[in-house]
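Along the sequence shown, residues carry numbers from 1.
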Amino acid sequence: QGAALSPAPTPSVPVVAGVVSSEDVPIYLRGVGTVIAYNTVLVRSQIQGQISRIGFTEGQSVRTGDTLAQIDPRPYQAQLDQVTATRDRDQAQLTNALANLSRYTQLGDRGWATPQLVDTQKAQLDQLQAMVKSDEAVIEQARTNLSYTQLTSPIEGVTGIRQIDEGNIIHPTDANGLVYVTQIQPISLLFSLP
């Protein structure tokens with residue numbers, strides 16, 4: 001008969017001594033969250049025109065007021081020049097009508113001009129004043145349209161994917177606009193924990 005096998009000896013375990021201390025232990029909880037930007041803006045054109053220059057690259061950080069694209073300003077500058085010339089013409093006619101009213105009033109005081117002639121000249125003066133005021137409003141509209149040729153960032157953030165290329169015509173009704181600008185500082189994080 002065979003000899004009985006003896007069990008293998010248990011290996012020894014080293015013991016390490018340490019200093020006991022009291023301190024805060026951080027607690028980490030894992031969860032799923034969603035990062036949400038406070039503001040996301042789709043930059044659109046307010047006028048129609050050809051994109052003559054793109055001033056950003058995708059993923060670029062931009063500040064409020066940075067030019068993102070330029071629409072060809074020549075048609076809008078020509079419109080402004082035209083309405084300014086119309087205002088100048090009407091202003092010259094107004095100056096002439098004012099001088100004529102002064103003359104007719106003096107002649108009327110001496111009895112050499114009829115009251116009807118003086119009244120007609122006053123009415124013409126009022127009409128020309130209204131035309132100059134209307135011209136000023138049209139000039140302001142033309143200046144506003146000219147300013148819309150600069151597409152700028154309304155917020156500080158990061159640009160997304162460019163939706164239109166240089167040379168294309170952009171319209172106010174384009175569904176995609178030019179680009180999204182997303183604010184990332186500060187940003188919110190939504191999450192829930194059990």
Please round to the nearest 0.5 Å and tell me the distance separating atom CD1 of I47 and atom OG1 of T144.
10.5 Å

Which residue pairs pass the salt bridge (charged side-chain N to carboxylate O under 4.0 Å, His left out) test with at least one member in residues 123-136, sequence neighbours excluded?
R87-E136

Does any N or O in the side chain of T114 come within less than 3.5 Å of the main-chain N or O of L117, such that one atom is a donor and the other an acceptor?
yes

Not counting sequence neighbours, list each pair that qualifies as a side chain to side chain donor-acceptor pair (under 3.5 Å) and has a residue in residues 115-125.
none

State, yes or no, whether a side-chain contact exists between V43 and S153 at a heavy-atom distance under 4.5 Å.
no

Could you tell me whether the side chain of E58 and the main chain of R162 form a donor-acceptor pair under 3.5 Å?
yes

Summary of side chain to side chain donor-acceptor pair (under 3.5 Å) pairs that have at least one residue in residues 89-102, sequence neighbours excluded:
N100-R103

Any idea which heavy atoms bring S45 and L151 closest together, and the distance?
CA-CD2, 3.8 Å

Report the distance from atom CG of L68 to atom CZ of R53, rounding to the nearest 0.5 Å.
9.5 Å

Nearest atoms (heavy-atom pairs only) where S61 meets V158
OG-CG2, 4.0 Å

Mark yes or no for whether T149, through its side chain, and N145, through its backbone, hold a donor-acceptor pair below 3.5 Å.
no

May I ask you to test the T105-D109 pair for a side-chain heavy-atom distance under 4.5 Å?
yes

Exactly one of Q150, Q50, E166 clears side-chain hydrogen bond (donor to acceptor under 3.5 Å, both in side chains) with Q70, and that residue is Q150

Can you pull out every salt bridge (charged side-chain N to carboxylate O under 4.0 Å, His left out) where at least one residue sits in residues 62-86? Sequence neighbours excluded, please.
R63-E156, D72-R74

Which pairs of donor and acceptor atoms, one on a side chain in residues 183-194, lie under 3.5 Å apart (sequence neighbours left out)?
from: Q183; atom 1: OE1; to: N39; atom 2: ND2; distance (Å): 2.6
from: Q183; atom 1: NE2; to: Q185; atom 2: O; distance (Å): 3.4
from: S188; atom 1: OG; to: I36; atom 2: O; distance (Å): 2.9

Search all heavy atoms of A69 against all heavy atoms of I54 and return the closest pair with its distance.
CB-CD1, 4.2 Å

Does atom CD (Q77) have a neighbourhood of more than 12 heavy atoms from anything else shown, all under 6.0 Å?
yes

With hydrophobic residues grouped by side-chain heavy-atom distances under 4.5 Å, do V62 and V41 end up in a single group?
yes

Look up atom CD1 in I164 and atom CD1 in I169, then write down how far apart they are to the nearest 0.5 Å.
8.0 Å

If you measure from CD1 on I71 to CD1 on I51, what distance do you get to the nearest 0.5 Å?
5.0 Å

Starting at OG1 of T159, measure out to CZ of F56 and round the result to the nearest 0.5 Å.
5.5 Å

Enumerate, atom names and distances included, each donor-acceptor pair closer than 3.5 Å involving a side-chain atom of residues 170-181, sequence neighbours excluded.
from: H171; atom 1: ND1; to: D174; atom 2: OD1; distance (Å): 3.4
from: D174; atom 1: OD2; to: H171; atom 2: N; distance (Å): 2.9

When rounded to the nearest 0.5 angstrom, what distance separates CD in Q48 from OH in Y148?
16.0 Å

Verify the cluster assignment for L94 and Y104: are they in a single hydrophobic cluster under the rule of side-chain heavy atoms below 4.5 Å apart?
yes

Donor-acceptor pair, Q46 side chain versus R44 backbone, under 3.5 Å?
no

